[in-house]
There are 2 protein chains.
Amino acid sequence: MSSHIRRTMPLFPMGTVMKLTDLSARQIRYYEQHHLITPDRSEGNRRLYSLNDIDRLLEVKDLLDQGINMAGIKKILLKDDSQAEKLETKESSAKPKKEFTDEELRKLLRKELINAGRFNRSSEVERRFFH
Amino acid sequence: MSSHIRRTMPLFPMGTVMKLTDLSARQIRYYEQHHLITPDRSEGNRRLYSLNDIDRLLEVKDLLDQGINMAGIKKILLKDDSQAEKLETKESSAKPKKEFTDEELRKLLRKELINAGRFNRSSEVERRFFH
DNA sequence: AAGTTAATGTTAGTTTTTATTACATAAAAA
DNA sequence: TTTTTATGTAATAAAAACTAACATTAACTT
């Protein structure tokens, strides 16, 4: 649970993600159009990516490098994800309800980041950049 | 990629650092004025912080929370850091250099003891945040 | 008590970064 | 060949971040 909060916290703006993934802004937004990631937004509408988002982008990049096209990548990464299926069919206006305010989430994340044990499995980006 | 490069890589813009440290932009820039951090800059002059920078900011925050003032924090964090020494000398070259006397140090120490109850965190952010 | 200093807040004006949208293009698929 | 895919590029608007200056408050000094 704590790991989940830590890795889903919307933290990184576009520029950071571009550097971490070596993808262009165009590419990153394109993959979002295809629902492979759904980054949160700042109050001012800037995209904010989580560690999970960055992981996912690196997976997409990997698969593309292997010659797999978007349709295949979707099939692979969004497999039996009913939420994504819905999004795929139609722009769903149903947003996930927020249980926490942004402020509360921030505090939780920081706490988790600070206190989190090392027993959580590493994400791709963590392995690549932070170990 | 070596650990040093990873941890000194200029990655995070101000907003991200504010969230990770719960410090204001004003505070973060103030600590930079005092040479406690020296973030890199983007091509467009935006500050880019590394994991090491964030570590340092959290240390500063910790020490401030313990009632230690900037002078003491500098003494503690910049000790035998030749780069910082150079900067320090350069900036105050026109002014009389204010030394930190034993008396002042004892005062700081007393303050710290009075505010004791917390433990010193000397660990780095990388470990706390991303492992 | 009054005056200084230290640490941080706030505000204003400017530059950089990001978002959106539209059009362009090379390579792959049909 | 024509169409689709994945990505590039350009124009414009808005947010985020910069610098600099002035404001404020709590902590020291005298």
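Chain A is the first sequence line, chain B the second, and so forth, proteins listed ahead of strands; every chain is numbered from 1. We use all heavy atoms of the structure for the numbers below, so side chains are in, but hydrogens, waters and symmetry mates are not. The structure displayed is predicted, hence computed values, not measured ones.
The ring-ring contact (aromatic ring centres under 6.0 Å, His included) analysis of residues 14-33 of chain B, with sequence neighbours excluded, yields the pairs B:Y30-B:H34.
For B:Y31 and C:dT8, the OH to C1' distance is 8 Å, given to the nearest whole Å. One atom, CZ of A:F12, and another, C1' of C:dT18, lie 17 Å apart when rounded to the nearest Å. Rounded to whole Å, atom P of D:dA15 lies 10 Å from atom CD of A:E43. Summarising the geometry, the separation between CG on A:L23 and P on D:dA6 is reported as 14 Å, rounded to the nearest angstrom. Between the P atom of D:dA17 and the CG atom of B:D40 lies a distance of 16 Å, rounded to the nearest Å. Atom CD of A:E32 and atom P of C:dT18 are 14 Å apart (whole Å). Here the P atom of nucleotide D:dA6 and the CG atom of A:L57 are 15 Å apart, to the nearest Å. With rounding to whole Å, B:I28 atom CD1 is found 16 Å from C:dA7 atom P.
Between its opening and closing five pairs, the helix from C:dA1-D:dT30 to C:dA30-D:dT1 changes axis direction by 30°, a value rounded to 10 degrees.
A:L57 approaches A:V17 most closely through the heavy-atom pair CD1-CG1, 3.5 Å.
Residues meeting the side chain to side chain donor-acceptor pair (under 3.5 Å) test with B:S42, sequence neighbours left out: none. Residues forming a salt bridge (charged side-chain N to carboxylate O under 4.0 Å, His left out) with A:R47 (at least two apart in sequence, or on another chain): A:E32. For B:T8, the side chain to side chain donor-acceptor pair (under 3.5 Å) criterion is met by no residue, not counting sequence neighbours. By the side chain to side chain donor-acceptor pair (under 3.5 Å) test, A:N45 is found to be paired with A:R41, residues two or more places apart in sequence or in another chain being considered. With sequence neighbours excluded, no residue satisfies salt bridge (charged side-chain N to carboxylate O under 4.0 Å, His left out) with B:D40. By the side chain to side chain contact (heavy atoms under 4.5 Å, CB included) test, A:I76 is found to be paired with A:L63, A:I68, residues two or more places apart in sequence or in another chain being considered. B:T16 meets the side chain to side chain contact (heavy atoms under 4.5 Å, CB included) test with A:L11, A:F12, A:P13, B:F12, B:P13, B:L20; sequence neighbours excluded. Residues passing the salt bridge (charged side-chain N to carboxylate O under 4.0 Å, His left out) test with A:R46: none are found, sequence neighbours excluded.
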Listed pairs, N/O of protein and of nucleotides 3-5 of chain D, under 3.5 Å:
none

Base-contact (B) and sugar-phosphate-only (S) positions in nucleotides 19-24 of chain C, heavy-atom cut-off under 4.0 Å, - elsewhere: BB----
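How far OG1 of A:T21 is from CD1 of A:I28: 4.0 Å, rounded to the nearest 0.5 Å.
For B:S42 and C:dT16, the shortest distance from a side-chain N or O to OP1 or OP2 is not below 4.0 Å.
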